Every structure is written in C-alpha cells, then in structure tokens.
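Structure, as structure tokens:
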Amino acid sequence: MSERTPEHRYTAELAGRIERRWQDRWERDDTFASANPAGPWAAPEDPRLADGREHRVVMDMFPYPSGAGMHVGHPLGYVATDVHARFLRTTGANVLYAMGFDAFGLPAEHYAVQTGQHPRVTTEEAMSTYRRQMRMIGLSHEPRRTFATIDPDYVRWTQWIFQQIHDAWYDPQADPRPGSGQSAPGRARPISELVEEFADGSREVPGGRPWGELSRAEQARVLDGYRLAYVSAAPVNWCPGLGTVLANEEVTADGRSERGDLPVFKRNLSQWMMRITSYADRLTDDLDRLDWPERVRLMQRHWIGRSTGAQVAFPVPTTTGGEASLEVFTTRPDTLFGATFMVVAPEHPLVGRIVPDAWPAATKDAWTGGAPTPREAVTAYQRQAAAKSDVERQTEGKAKSGVFSGAWATNPVTGAPVPVFVADYVLMGYGTGAIMAVPGQDERDWDFALAYDLPVVRTVQPTPDHPEDQAFTGEGPAINSANDEVSLDGLGVEDAKERIIAWLEQTGRGRATVTYRLRDWLFSRQRYWGEPFPVVWDEDGVAHAVPDDQLPVTLPDVPDYAPRTFEADDADSEPEAPLARATDWVHTTMDLGDGRGPVPVRRETNTMPNWAGSCWYYLRYLDPENAAAPVDPAVEGYWIGPREETVPEAPEGAVDPGGVDLYVGGVEHAVLHLLYARFWHKVLFDLGHVSSEEPFRRLINQGMIEAYVYRDARGFPVPAAEVEEHTSSDGGPSTFTWQGQPVTQEYGKMGKSLKNVVTPDEMVEQFGADTFRVYEMSMGPLEQYRPWETRAVVGSQRFLQRLWRNVVDEDTGEVTVTDETPSPDLAKALHRTIDAVGSDYAALRTNTAIARMIELNNLLTKRDTVPRAAVEPLVQMVAPVAPHLAAELWERLGHDDLTYAPFPQADPALLVEDSVTAVVQVKGKVRDRIDVAADISAADLEALALGSEKVQRFLDGAPVRKVVVRAPSLVNIVV
RNA sequence: GCCCCCGUAGCCCAAUCGGCAGAGGCAGCCCACUUAAAAUGGGUUCAGUGCGGGUUCGAGUCCCGCCGGGGGCACCA
C-alpha cells in the first residue's frame with residue numbers, strides 16, 4: 001500500500017479487519033441461531049415460532065472435505081445459499097441454515113494411505129481447513145447444528161436407520177399412510193407384522209410349510225426375501241483395482257468405476273442389498289410433486305426406467321418330457337404374431353432344462369456354432385459370455401452372436417413352433433431374461449434374424465417410403481395379426497396392445513405388467529473408512545441386529561486400514577474386507593435378546609457405502625442433539641412437514657410432500673445421492689418416523705466455475721496466473737505468453753494439475769471476503785457454468801469502495817451522510833431498486849439484484865451529498881451479499897446488528913410513473929417517441945401518435961390499415 | 001443412435017406477457033487528480049441476438065430445419 005492511499009479507504013486490509021471483527025461478534029452472540037419448537041432445544045417462547053411466522057430450511061449438499069481445501073469454485077453454491085438465508089432472515093422467517101461434513105469414503109482412505117495417517121486424523125484436518133475457509137467468507141451457518149457423518153453420535157443413528165430398513169418389508173397391498181399423496185397402495189411395514197401373518201397362517205409361507213416347522217435359519221432365509229435390507233448372492237459389480245464392490249449407479253456406461261475409471265466385472269458375491277426397486281413407482285411418480293430442475297427429474301425417470309407392457313408365456317418342452325413356460329416381457333405385445341424366434345440370456349435358469357441331447361431335424365447349420373450337440377454348443381457359448389467383461393461386450397458393438405438351444409417353443413397366438421436361441425444381447429437382469437424376437441419390428445431382432453437366417457413376418461404396415469431391408473419400429477396399422485379367436489388387423493399400435501392383452505389375460509397366456517431398469521442397491525463395501533453394519537452373524541448363519549443399547553458399533557483399530565486391491569483386470573480376485581483383519585473385534589459374544597443368552601457371534605465386516613451418511617443428514621440438522629431419535633417428530637414436522645400449498649408446477653390436486661425448502665448442489669448427484677436419500681426418506685415416512693414424503697422440496701443445481709488452462713509448446717500446463725495476454729490491434733483474437741514463450745489457451749475445469757487453481761484464501765487476501773462474495777454472485781445466474789477471471793474481481797471491489805465512500809469520508813473516517821430528504825427522482829430510483837432487489841433476492845437472481853444496487857450506488861456517487869434516507873436502505877439491501885461491510889456501515893450509521901432488521905419496503909406510490917415515453921412504430925420500426933401521461937387512454941394515444949409529424953413523414957400519405965395500441969408504452973401503425 | 005440444456009458487444013452477463021436489443025461488470029480508448037505511475041473519479045467506443053425458414057402489426061423471446069458447445073442414457077425387449 002502506498003502512503004498516499006487515504007487512511008480510511010475500503011481496501012482489502014480494512015475489509016479484512018472489518019470482516020474478522022464481525023465474524024467474531026456473530027460467533028460470540030450466536031447471531032444465526034434458529035428456534036426449535038420441540039426436542040432438546042425446544043424454545044417455544046421464541047417469537048419466530050409465533051403463529052403466522054414463516055420458517056425455511058436452506059442448505060447445500062455438504063462437502064466431502066479433501067486435503068487440498070476449497071478453490072473458488074467450491075463456495076459458489078455456499079455463498080448463494082448464504083445470501084438467500086440472510087435475505088430470508090430480514091423477512092422475519094425462522095431460518096435454519098447449517099453445514100456438516102460427509103467424512104467417510106474412499107478418497108479420505110486413499111489420502112490417509114498416502115500420508116500414512118489414520119483416516120480420522122487426515123479427515124479432521126481437512127474439515128478444519130474447510131471450517132476456516134467457510135468462516136473466512138462469512139457463511140452464516142448455525143454452529144451448534146454442525147456435525148460430521150463420522151461422529152459416533154451420528155453413526156449411531158445411521159446404524160439405527162439401517163436397522164429400521166432391515167426390519168421392514170414392502171407390502172404392495174398395504175394402504176398408504178394417512179396424509180400421503182400416493183395414488184396407489186404400497187407401504188413398508190415392520191417385519192414383525194409379516195412374521196405374525198406367517199405364524200397365524202393369514203399369509204402363506206413361501207415353500208408351503210407352516211412357519212413353526214421352519215428352522216431358525218430357514219425362517220431367516222424366508223424373511224430375507226422380504227426385508228428392505230437383505231443379503232443376496234446375485235451378480236454384483238466387482239472392481240479389483242479398487243478392491244471393493246460398487247453399486248450400479250457408481251459404474252459408468254462403458255463398464256468402469258466412476259471413481260478411478262477402473263474395469264468392473266460381474267461376479268456372484270454375497271453382499272448386502274437395499275430393496276429400492278420396491279419404491280420404483282413412488283420414486284418416479286413423486287418427482288411430479290417436486291420443484292426440481294427438469295433435467296434431474298428426467299435423469300431419475302430414465303434411471304428408474306419404468307416401462308409398461310405385457311408378460312407372455314411361451315410353452316416349451318423340457319428334456320424330461322414335461323412342459324415349461326418360458327416367460328417373456330415385451331413392450332410391444334401387439335407384435336406377438338410376428339414373434340418368429342425367442343432369445344434367452346446365457347444365464348437364464350431354464351436353459352439347463354430345455355436343451356435336448358441331439359440337434360432336432362430342422363436345425364440349420366448356422367445355428368449350431370459347429371458343435372456336435374446342443375449341450376456342447378450352449379455350454380461353450382455360456383462360458384464365452386461369462387468370460388467377457390462389460391468392456392468387451394461394449395467394444396463388440398452391436399454385432400449379434402448366439403447359438404440355438406435345440407429347443408422349440410410355441411408361439412401362443414399363432415401356434416407356430418419358434419426356435420429358442422441363447423444370446424448375450426438379452427440381459428438376465430432386465431425383464432424376465434428372455435424375449436420374444438420380432439424381427440419385423442425390432443432392429444436388434446432384425447440383425448439377429450439376418451445373421452442366423454430366421455424368418456421375418458411384418459405385423460405393422462410400414463410407411464410407403466420405409467426401406468424393405470429394415471425393421472419398422474414406427475406406428476401403423478397391424479397386419480398379418482389374426483387367429484381364430486382374435487384379430488388385431490387394422491388396429492393402431494395402442495388399440496392392438498389393448499386388445500391382445502385382454503385376450504392374453506382371458507386365455508391365461510399372459511398379463512399386463514410393468515418392468516423397471518432400476519436394480520436393487522448394492523449396499524456393502526470392502527473398505528475400512530465407512531460405517532460398520534450394526535449386524536452380527538450367529539453360528540446358524542443368521543444375521544441379527546446389534547441391540548440398540550450397544551449402538552454405535554464403532555470401527556476397530558486395525559493394523560492396516562488400506563483396502564486390499566488387485567490388478568485392475570484380475571477378474572478372479574476376491575474382495576477382502578479390511579475389518580476382517582481385526583479378529584478380536586470380529587469374534588465376540590452377544591446377547592441377542594432372543595432368550596438364548598450370550599452366544600458366540602461374528603461381526604459383519606463389510607462397511608456401508610459413503611452414500612449412507614448423506615442419506616439423512618438433512619434430518620439431523622433439524623435436531624442434532626436428540627438422543628432419543630434421529631429427529632423429534634414435532635421438530636421434523638415443523639421444519640419440513642408438508643406445506644399447504646404445492647410447488648408451482650405440481651399437478652392439480654397434488655398433496656405437498658414437504659422437504660427442505662431449498663437444496664443447492666451439483667448435478668453430478670442426480671441419480672446417486674438424490675435417489676438414495678429419497679428412498680430412505682420414503683421408508684422412514686412409511687414407518688412413521690417423519691411426516692414428509694420427500695427430503696428435498698426444491699432443488700437447484702449450481703453451475704461450476706471453470707478456468708482457462710494455458711499450455712506450452714509441449715502441451716504441458718503452465719501457471720495460469722503468470723500468463724500475459726496480448727490484445728491484437730486489428731480486432732483479432734488475443735495471444736498469450738508465459739515467460740516470453742507463446743502458450744495456447746483452452747477452457748476447462750480448475751485443478752491442481754492444470755495449474756489454474758485460484759483459492760478463496762488468495763481472493764480474501766487480495767480483495768476481502770465481501771468483494772469475493774459479490775464477484776461470485778454477480779458473475780451470472782446460479783445455475784450457469786462460467787469462467788473465473790481474477791482481473792474482473794476489481795469491479796466488485798470498486799462497487800463496495802464507492803458504497804463505503806458514500807457513507808464514510810476516506811480521509812477522516814467520519815460518517816458523511818446528511819439528513820436531507822431525498823429528491824423525488826432519487827426517492828423513485830430508491831424505491832424501484834428496493835422493489836426489484838427484493839424480488840430478485842426472493843427468486844435467487846442475485847446477479848441482477850447486484851446490478852440494481854450498483855446502479856443506485858452509482859447514482860448516489862454522482863451527488864455532492866448522500867441522504868441517510870437513501871443510503872440506509874441500500875446498506876440493508878447489500879447486507880445479504882456483503883454482510884460484513886453492511887454490518888459495519890449499519891453500526892457506523894448508529895444502529896445495532898442488522899441481521900434481523902426488516903428488509904426495506906418499497907412505497908407503491910413511488911413505483912408508478914406519472915409520465916412515460918411512448919414508442920411510435922411504423923411497420924414495426926421505431927419512428928418517434930412521445931411523452932405521455934401514464935394513464936393515457938388507448939384512443940388518446942392513438943390520436944397523438946397519428947398526429948406526430950415524424951410519423952406522418954414516414955407514412956407519406958399511405959392509407960393506414962391497422963393501428964395496434966398498447967397504452968401507455970407503444971403504438972404500431974401498419975400501412 | 002436416442003433424450004435434455006445452452007448459443008445476445010472482445011469477455012462475463014441483462015432484457016417478467018412476443019412490444020424501444022442494454023441494467024451491471026471486465027477489458028479498450030479519452031479526460032481529471034499525480035513530477036510520474038498505481039489507485040481513485042468522470043466520460044466513451046463496441047452487438048442487431050449461431051445460420052436458414054415460418055407464424056405475427058411486431059420475434060432475442062413462439063414453431064420447423066440445420067450448425068456449434070455442454071450433459072445424460074446407450075443391445076433395457
């Protein structure tokens with residue numbers, strides 16, 4: 001700083017002093033504490049809980065604290081929610097704004113392995129960096145509501161919720177809970193109610209034997225078929241390079257791990273699953289009742305992938321002389337007459353029972369794969385398919401391979417024999433794992449029919465211009481679709497579907513059905529740094545919940561917490577849980593409360609995925625110190641219970657699902673965290689623990705702040721901060737150099753390896769936190785991606801400096817405002833600004849709010865004196881974005897804390913104009929402007945416009961055909 | 001291949017219902033202050049809205065077709 005800088009100029013240095021002072025004061029005074037109506041913090045006398053006062057829960061997706069700390073992109077959403085929370089406090093609402101940490105997970109474990117420290121130590125360090133940075137930029141989180149997912153008290157309730165889910169089953173016939181907005185039956189119920197129904201015979205036990213005759217282990221196995229959290233040996237995604245199994249949502253389309261980009265293999269492993277598929281309908285339907293970005297709702301709908309169609313039975317003889325029923329799922333039952341062959345997945349369980357000893361007479365050479373018998377052909381094909389990784393299947397593209405099973409099924413509508421093929425383009429995990437192939441109307445089936453010389457029957461009339469050599473997947477009248485009992489000929493696709501389903505149901509050959517792309521959620525991981533399952537196994541191999549008084553089950557210390565990883569493509573490796581190494585911890589005795597007394601047990605050694613902690617943290621913010629429940633029901637109902645009014649675009653008559661009022665976070669969680677959390681929340685709703693049906697009522701995806709990357713001639717990134725720009729004189733594009741060498745510019749993410757990271761710490765140091773906040777908020781709409789440009793930050797600093805100077809003399813530090821009454825023009829400008837800024841804040845249009853405030857501030861700057869009555873409301877308006885500066889000015893202006901000072905009210909009388917400038921157009925082009933009274937009548941305005949000299953000149957005597965008048969602003973004359 | 005989002009000054013962005021293309025910021029240029037520079041203050045230049053059609057009295061905004069950028073899904077029967 002030069003000695004010539006005025007002593008009281010709003011510099012980064014002064015800003016820093018002001019900011020630290022107010023941060024200390026807010027902390028000391030507990031300024032941002034919100035009021036709870038019940039639970040351990042009940043404060044019913046708090047005025048904010050009075051009738052008619054609003055309440056709002058505002059939150060961000062909590063961070064996963066990495067050792068590197070935040071760069072300027074991370075706090076974008078945090079600043080936006082902070083601005084909104086601060087604004088809402090000035091409207092009198094009880095505002096809950098809190099932040100915690102998502103602290104379990106693989107990166108923390110990796111980082112810990114690298115640094116040789118326990119993950120808890122490195123995680124705590126990272127969290128304290130984040131806390132420092134969040135305090136530094138003035139986020140108004142409520143300190144007493146913070147926690148981390150690794151806190152034992154939090155883990156205790158995560159484990160408790162797991163047990164609730166484990167001890168529940170989904171009854172598709174059960175009535176929804178009262179108050180629910182569900183349109184169809186279905187609800188989770190306690191598993192004890194299922195046991196009662198089995199025991200008293202009101203529900204048949206699968207397998208047919210009476211419940212009492214089943215052994216403990218047999219009963220457990222039956223219940224596993226119902227529990228919402230269960231152990232299954234189904235094929236799962238095994239990632240040897242990470243040493244853990246992964247959920248479908250964590251595997252990319254090309255069969256690699258989302259984290260680390262390593263190969264993933266399908267393996268049959270015994271793992272914990274969550275029965276999220278039971279909620280598929282509600283998870284799809286209830287999206288309509290949420291105020292979420294359309295693309296996120298679309299992504300969830302696609303992920304759940306509900307499709308309606310029919311299940312149809314094709315009879316097929318078995319090798320033992322009997323008859324089996326090969327069930328297929330189709331979305332096009334109207335094309336059943338064109339089903340000329342069938343395809344089953346290589347893993348289909350029926351394959352073993354239908355493959356004959358010898359090739360039947362009609363077998364074509366191309367069908368056998370060169371094998372002497374069907375059994376050999378099928379076995380060879382199965383082996384070949386199993387050895388293929390998903391990556392290989394991908395690279396093979398759409399070329400169809402397969403082999404004839406030797407079996408002929410019967411098309412139930414035509415009675416014709418159809419050959420059954422085994423091919424890997426049919427997936428065991430979708431539908432029934434078997435399809436009826438209709439080459440005439442399906443491209444994949446067409447390709448297969450072509451490759452294996454199979455007949456094609458068109459059952460939908462193609463359009464005249466449709467090529468002969470392609471499947472026709474469009475709409476058209478049915479053809480070739482009749483038997484003695486039913487005819488679809490001439491019907492459109494929808495009508496044909498309806499008629500054939502009716503016939504199938506009448507004759508017992510099939511039924512309408514719904515199928516989903518969504519699979520159950522694989523919930524166990526082979527890693528150390530996660531929540532231990534609150535589960536032990538007894539000597540019968542039965543899983544038991546750890547009794548409630550022994551929660552939380554805490555992580556044991558192990559000699560080596562690193563996951564056991566393997567060569568990335570070692571598909572045959574076996575997962576190995578790090579907790580299994582803590583043998584003293586694993587083998588213990590426990591009284592399971594079933595009358596047996598203490599028995600030897602083995603602890604579950606898998607841990608939960610890190611999604612577990614983020615599935616319910618928003619609930620814990622509401623009541624973080626409750627020792628009796630995850631959240632007091634009265635507290636939950638107050639904060640996030642259903643509202644009277646629905647979200648803006650909810651369907652007519654919908655019931656509001658409740659949930660957090662504003663949730664801001666990245667779109668990368670569209671089908672992971674956001675789907676999982678919705679699922680848990682619905683289970684908790686069904687079991688009566690919460691009154692809301694959804695966790696997040698309104699969601700906004702904040703955009704990402706990106707940055708330019710500069711590369712030298714070798715393509716290596718150079719430090720972006722040291723690059724010099726050279727503008728060209730002829731208006732062409734700029735060139736860039738680093739240390740005299742030419743470098744290229746590209747646009748991308750901010751990252752350490754790209755040498756373009758800018759940290760909030762640097763920005764606060766150079767400009768102050770308020771300037772940093774104003775800059776981030778003025779860059780554009782919250783949802784937008786935008787490039788960071790450090791040299792542009794000075795614009796925000798100038799704004800705050802000018803505001804400061806409008807109140808405080810830079811040389812003396814004296815407050816200079818006057819008590820004069822603002823001129824009518826200034827008063828109008830002020831009230832228009834108040835009106836616009838208020839609605840902009842409410843709608844989270846902070847960028848335009850800031851532009852309005854700059855405009856008003858520039859107006860004040862031009863004046864010789866600044867009236868107190870004009871600048872005080874401006875200080876209040878600026879407070880959400882620049883809270884420290886505003887608090888300081890507010891105090892210097894002679895007031896107390898402004899956190900809860902009511903937002904300025906616009907005087908409606910000052911919003912209306914006495915006169916306006918009306919535009920007169922001739923044929924849509926502006927030809928004149930005239931000042932008219934704001935309440936001028938259409939007829940008067942038209943007369944004025946037609947009388948305009950300029951207009952007459954442009955009309956040039958041409959007859960007027962039509963005059964469009966939009967009083968008082970516009971007239972358009974058409975000739 | 002299918003689906004979704006976005007293209008407005010050199011750059012970031014405004015423009016409630018279809019009604020004057022410009023609120024705000026950066027950069028550039030000019031001026032003041034300064035021995036000078038920085039900082040600060042004042043002023044100012046700059047686009048007809050990616051391209052081509054259409055609807056309309058009137059289109060950045062609505063419709064159709066392209067082009068470019070970003071994202072999601074991808075043998076899902």
Side-chain angles (χ1 to χ4, degrees), chain A residues 1-2 4-6 9 11 252-254 293-299 301-303 305 307 309 328-332 335 343 393-394 396-400 423-427 429-438 441-445 447-448 515-517 667-668 670-671 725 727-728 731-734 747 774-775 778-781 783-796 798-799 801-802 805 810 836 839 843 845 847-855 857-858 861-862 917-926 929 961-964 966 969-975:
Chain A
M1 257 341 117
S2 142
R4 298 193 64 89
T5 303
R9 173 161 293 176
T11 58
T252 61
D254 54 351
E294 184 56 22
R295 65 172 168 158
V296 175
R297 294 193 289 174
L298 266 170
M299 276 191 248
R301 280 204 192 90
H302 283 159
W303 189 260
S307 57
V328 303
F329 171 76
T330 176
T331 56
R332 295 290 303 274
T335 64
V343 184
R393 282 196 188 190
Q394 194 68 27
E396 281 173 24
K398 302 206 167 170
K400 297 284 177 294
D424 64 4
Y425 83 92
V426 172
L427 310 173
Y430 184 79
T432 61
I435 62 158
M436 63 176 208
V438 188
Q441 275 80 231
D442 184 283
E443 285 168 19
R444 295 153 301 179
D445 297 345
D447 292 344
F448 195 84
T515 198
Y516 306 89
R517 213 187 77 106
V667 72
E668 66 271 17
V671 287
E725 179 172 2
T727 48
S728 82
S734 298
Y747 181 54
V774 170
Y775 176 65
S778 63
M779 289 167 81
E783 296 88 340
Q784 196 145 314
Y785 283 61
R786 74 294 297 267
W788 179 264
E789 198 182 358
T790 296
R791 68 174 179 178
V793 179
V794 70
S796 303
R798 285 181 193 143
F799 164 47
Q801 277 177 340
R802 281 197 282 260
R805 208 179 311 117
E810 283 192 336
S839 55
R845 292 189 300 257
N847 55 323
T848 49
I850 291 172
R852 297 286 199 161
M853 292 187 284
I854 291 175
E855 204 177 356
N857 191 50
N858 287 349
T861 303
K862 287 191 182 101
T917 303
V919 173
V920 185
Q921 298 176 332
V922 178
K923 290 191 290 186
K925 288 204 171 68
V926 180
R929 291 159 213 273
R961 286 202 354 243
K962 186 173 177 184
V963 181
V964 179
R966 290 282 176 276
S969 59
L970 181 135
V971 179
N972 190 11
I973 300 163
V974 188
V975 292

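Within every chain, numbering begins at 1; the chains are lettered A, B, ... in the order of the sequence lines, protein sequences first and strands thereafter. These values consider heavy atoms only, across backbone and side chains, with no hydrogens, waters or symmetry-generated copies. These figures come from a predicted structure and were not determined experimentally.
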Problem set entry | Least distance between heavy atoms, A:Tyr425 atom then A:Lys400 atom | CD2-CD, 3.5 Å
For this session: State the pairing partner of B:A15; accept Watson-Crick or G-U wobble contacts with both distances under 3.5 Å, and report none otherwise.
Result: none
Exercise. Over how many whole Å does the gap from A:Arg786 atom CZ to B:C6 atom P extend?
Worked result: 16 Å
For this session: Would you classify A:Phe799 as touching base, sugar-phosphate or nothing, given that sugar-phosphate means primed atoms plus P, OP1 and OP2, and contacts are heavy atoms under 4.0 Å?
Result: nothing
Exercise. Contact class for A:Arg517 (heavy atom, under 4.0 Å): base, sugar-phosphate, or nothing?
Worked result: base
Seminar exercise, completed: Output for pair (A:Ser307 OG, A:Arg517 CZ), nearest 0.5 Å, gives 11.0 Å
For this session: Determine the contact category for A:Leu298: base if any of its heavy atoms lies under 4.0 Å from a base atom, sugar-phosphate if only primed atoms, P, OP1 or OP2 are that close, otherwise nothing.
Result: sugar-phosphate
Exercise. Using a cut-off of less than 4.0 Å, is there contact between a side-chain N or O of A:Arg798 and OP1 or OP2 of B:U40?
Worked result: yes
Problem set entry | Nucleotide nearest A:Arg9 (side chain, heavy atoms from C-beta), chosen from B:C57, B:G43, B:U40 | B:U40
Exercise. A:Asn847 side chain: which of B:C75, B:C13, B:A77 is closest?
Worked result: B:C13
For this session: By nearest nucleotide on RNA chain B, pick out whichever of A:Arg791 and A:Met436 is the more 5' one.
Result: A:Arg791
Exercise. Which part of the nucleic acid, if any, lies within reach of A:Thr861 when heavy atoms closer than 4.0 Å are counted: base, sugar-phosphate only, or nothing?
Worked result: sugar-phosphate
Problem set entry | Heavy-atom neighbours of A:Glu443 CD exceed 12 at 6.0 Å | no
Exercise. Taking any strand in view, what nucleotide pairs with B:C26 in a Watson-Crick or G-U wobble way, both distances under 3.5 Å?
Worked result: B:G10
Exercise. Base, sugar-phosphate, or nothing: which does A:Arg852 touch, judged by heavy atoms less than 4.0 Å apart?
Worked result: nothing
For this session: Kindly point out which of B:C4, B:A77, B:G41 is positioned nearest to the side chain of A:Arg295?
Result: B:C4
For this session: Would you classify A:Asn858 as touching base, sugar-phosphate or nothing, given that sugar-phosphate means primed atoms plus P, OP1 and OP2, and contacts are heavy atoms under 4.0 Å?
Result: sugar-phosphate
For this session: Check every strand shown and say whether A:Ala851 touches a base, only sugar-phosphate, or nothing at a heavy-atom separation below 4.0 Å.
Result: base
Problem set entry | A:Gln801 side chain near B:U40 phosphate (N/O to OP1/OP2, under 4.0 Å) | yes
For this session: Could you label the plane-to-plane angle of the A:Trp788 and A:Tyr775 rings as parallel, tilted or perpendicular, counting under 30° as parallel and over 60° as perpendicular?
Result: perpendicular
Problem set entry | Who pairs with B:G65 - Watson-Crick or G-U, where each distance is under 3.5 Å | B:C51
Exercise. Counting any heavy atom closer than 4.0 Å, what does A:Arg802 reach on the DNA or RNA strands: base, sugar-phosphate only, or nothing?
Worked result: sugar-phosphate
Exercise. Which base sits across from B:G60 as a Watson-Crick or G-U pair, both distances under 3.5 Å?
Worked result: none
Exercise. Which nucleotide, in any strand shown, forms a Watson-Crick or G-U wobble pair with B:A32, with both distances under 3.5 Å?
Worked result: B:U40
Problem set entry | Over all atoms of both residues, closest heavy-atom pair of A:Asp445 and A:Met436 | OD2-O, 3.9 Å
Exercise. Pick one for B:G53: is it syn, with its angle within 90° of 0, or anti?
Worked result: anti
Seminar exercise, completed: Scanning all shown strands, the Watson-Crick or wobble mate of B:G1 with both distances under 3.5 Å is B:C73
For this session: Would you mind classifying the nucleic acid contact of A:Pro293 as base, sugar-phosphate or nothing, using non-hydrogen atoms under 4.0 angstrom?
Result: nothing
Seminar exercise, completed: Note: A:Phe329 and A:Thr432 closest approach over all heavy atoms is N-OG1, 3.6 Å
Exercise. B:G18 phosphate, OP1 or OP2: any side-chain N/O from A:Arg966 under 4.0 angstrom?
Worked result: no
Exercise. Which comes earlier along RNA chain B counting from the 5' end, the contact point of A:Asp445 or that of A:Val971, where each point is its nearest nucleotide?
Worked result: A:Val971
Exercise. Rounding to the closest angstrom, what is the interatomic distance between B:C31 and B:U45 at atom P?
Worked result: 16 Å
Exercise. When you check the phosphate oxygens OP1 and OP2 of B:G19, does a side-chain N or O of A:Gln921 lie under 4.0 Å from one of them?
Worked result: no
